[in-house]
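Below is one structure; the comments refer to it alone.
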Amino acid sequence: MITDRRVLQDEFIPREVVHRDAQIQELASNLEPLMHEQPAQDMLVYGPPGAGKTCISQYALEQLEAEAADITYHYINCWENYNRFSVLYEALDGLGRTLDVHRQSTPTDELFDRLKSYDSRPYILILDEVDQIEDNRVLYDMYSLEHVAIIMIANREEDVFYRMDDRIRSRLINCDRIQFGAYGVSELTDILADRAAWGLHPDAIEHEQLEHIADVAVGDARIAIGILRNAARRAEAEGAERIKIDLIDDVVPKTQKETRQKNIECLNDHQQLLYDIIDGNDSIQPRELYDAYDEQVDDPRSERMLRKYLNKMEHYNLIVSEGEGRWRQYRIKDGTEQG
DNA sequence: ATTCCACGGGAAAGCATGGACC
DNA sequence: GGTCCATGCTTTCCCGTGGAAT
């Protein structure tokens, strides 16, 4: 059934990509000046989850790297690295210059100085989930480095700019915007067909079944590939030769649960408790939620902290908040909801 | 007009950890 | 080893803002 497992991982970057020619072209032309020792244009790549932003950005840079060996690029997930130190650390790590840097006791400015002193060749940073960065100074840092170009990735354009102070906003507001719309069913089907061709036996799945997966995944390539992966595994476990529609439908809830579980595991105990409390209610008001939380834990965090946790969880797409002010309600995000 | 509730920014405090020195 | 210091990270504390209810 499965001939190459890597191809079915959603972070896999294929050798050829389909349906994003315009975006790839734009990425490439913004990076093109690097070939002539000119600075590259900074970019903001935005669009809904699973629209190929991360994949295509990395793909474009791999292509460029293959063409012109004289560049380096590095991918940084700002969800995990949201403060100035971590981002700079990751940036240095991409250059292999972190050997003697310690998480504590190394001043952040020293990391910046070190990055500054590296100027032998162009360095491109992909800042995924860039709206998660808490300290925008780091964007200013990157901007001020001549040899560093940044590709910022976010779901929504406005999330990136609204918290920036004027100094950095006025500079980055002019970066090139590249929009990624959600994939349509036929586009997703093509993507799946490509993965199936590389990762599965030739007759494992037919066009109709791929189309069904694409349909269920509502535009999200990550979900689509996840469903294909789980379906293939299930078929393999059952010794089936082909992936049938029934089997696909069987595996959809499991795939949704999987992505959710992956996120929940990143939460600390307090956050998980909040999640459980919300999960036990259809919806819950903040006061009620805080009180329930206080009752169930020995060393409660402050309400301010809970609000920060809740914000994080909302960004994680685990919960949603509805209503303003005293009408605010929290509830669990349904697995089939988008965005 | 005043009170209530919730939100979220920012300063300050508290915590953990590596390094230098004894 | 023990002590002190510098640093980044997390959490708390304080407070202004804004909408709704009284």
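Naming convention: chains lettered A, B, ... in sequence-line order (proteins, then strands); numbering from 1 in each chain.
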A:Arg301 vs C:dT11: side-chain N/O to OP1/OP2 distance below 4.0 Å: yes

Using distance only, find each side-chain donor-acceptor pair of residues 22-31 of chain A under 3.5 Å and give its atom names and separation, not counting sequence neighbours.
| unit_1 | atom_1 | unit_2 | atom_2 | d |
| --- | --- | --- | --- | --- |
| A:Gln23 | NE2 | A:Gln179 | O | 3.0 |
| A:Ser29 | OG | A:Glu26 | O | 3.2 |
| A:Asn30 | ND2 | A:Glu26 | O | 3.3 |
| A:Asn30 | ND2 | A:Asp176 | OD2 | 2.8 |

Phosphate contact (B:dA6 OP1 or OP2) by A:Ser321 side-chain N/O below 4.0 Å: no

A:Arg233: side-chain hydrogen bond (donor to acceptor under 3.5 Å, both in side chains) partners, not counting sequence neighbours: none

Atom-pair distance (CG on A:Leu306; C1' on B:dG8), nearest Å: 14 Å

Distance, rounded to the nearest Å, where A:Met305 contributes CE and C:dC9 contributes C1': 10 Å

Contacts of type side-chain hydrogen bond (donor to acceptor under 3.5 Å, both in side chains), residue A:Trp198, not counting sequence neighbours: none

Residues from residues 266-290 of chain A lying under 4.0 Å of DNA chain B - heavy atoms: A:Pro286, A:Arg287, A:Tyr290

Interatomic distance where CD belongs to A:Glu314 and C1' belongs to B:dA6 [whole Å]: 14 Å

Salt bridge (charged side-chain N to carboxylate O under 4.0 Å, His left out) contacts touching residues 303-320 of chain A (sequence neighbours left out): A:Arg287-A:Glu303

Distance below 4.0 Å between A:Thr108 side-chain N/O and C:dT7 OP1 or OP2: no

SB check A:Arg114 A:Glu110 (cutoff 4.0 Å): yes

Side chain to side chain donor-acceptor pair (under 3.5 Å) partners of residues 33-62 of chain A, not counting sequence neighbours, each pair once: A:Thr54-A:Asp128

Side-chain N or O of A:Asn83 closer than 4.0 Å to phosphate OP1/OP2 of C:dG8: no

Where protein sits on nucleotides 13-22 of chain C, one letter per nucleotide: B base, S sugar-phosphate only, - none, heavy atoms under 4.0 Å: B-----BSS-

Interatomic distance, A:Asp109 CG vs C:dT7 C1' [rounded to whole Å]: 12 Å

B:dC7 OP1/OP2 closer than 4.0 Å to side-chain N/O of A:Tyr309: no

For atom CG of A:Asp299 and atom C1' of C:dT10, their distance in whole Å: 14 Å

d(NZ, A:Lys312; P, C:dT11) in whole Å: 11 Å

Residues that A:His19 engages under ring pair (Phe, Tyr, Trp, His ring centres under 6.0 Å), provided they are two or more places apart: none

Atom pair distance, as rounded to whole Å: CG in A:Leu111 and P in C:dG8: 8 Å

Rounded distance in Å - CZ (A:Arg137) to P (B:dG10): 12 Å

Phosphate OP1/OP2 of C:dG8 contacted by A:Tyr82 side-chain N/O (<4.0 Å): no

Stepwise salt bridge (Lys or Arg N to Asp or Glu O under 4.0 Å) check, A:Arg5 with A:Glu236: CA-CA 12 Å; A:Arg5 285 177 193 281; A:Glu236 197 170 56; 2.9 Å; yes

Which pairs of donor and acceptor atoms, one on a side chain in residues 275-282 of chain A, lie under 3.5 Å apart (sequence neighbours left out)?
| unit_1 | atom_1 | unit_2 | atom_2 | d |
| --- | --- | --- | --- | --- |
| A:Tyr275 | OH | A:Arg260 | NH1 | 2.8 |
| A:Asn281 | ND2 | A:Ile277 | O | 2.7 |

Any A:Arg328 side-chain N or O less than 4.0 Å from OP1/OP2 of B:dC5: no

Salt-bridge criterion met for A:Arg84 and A:Asp109 (N-O under 4.0 Å): yes

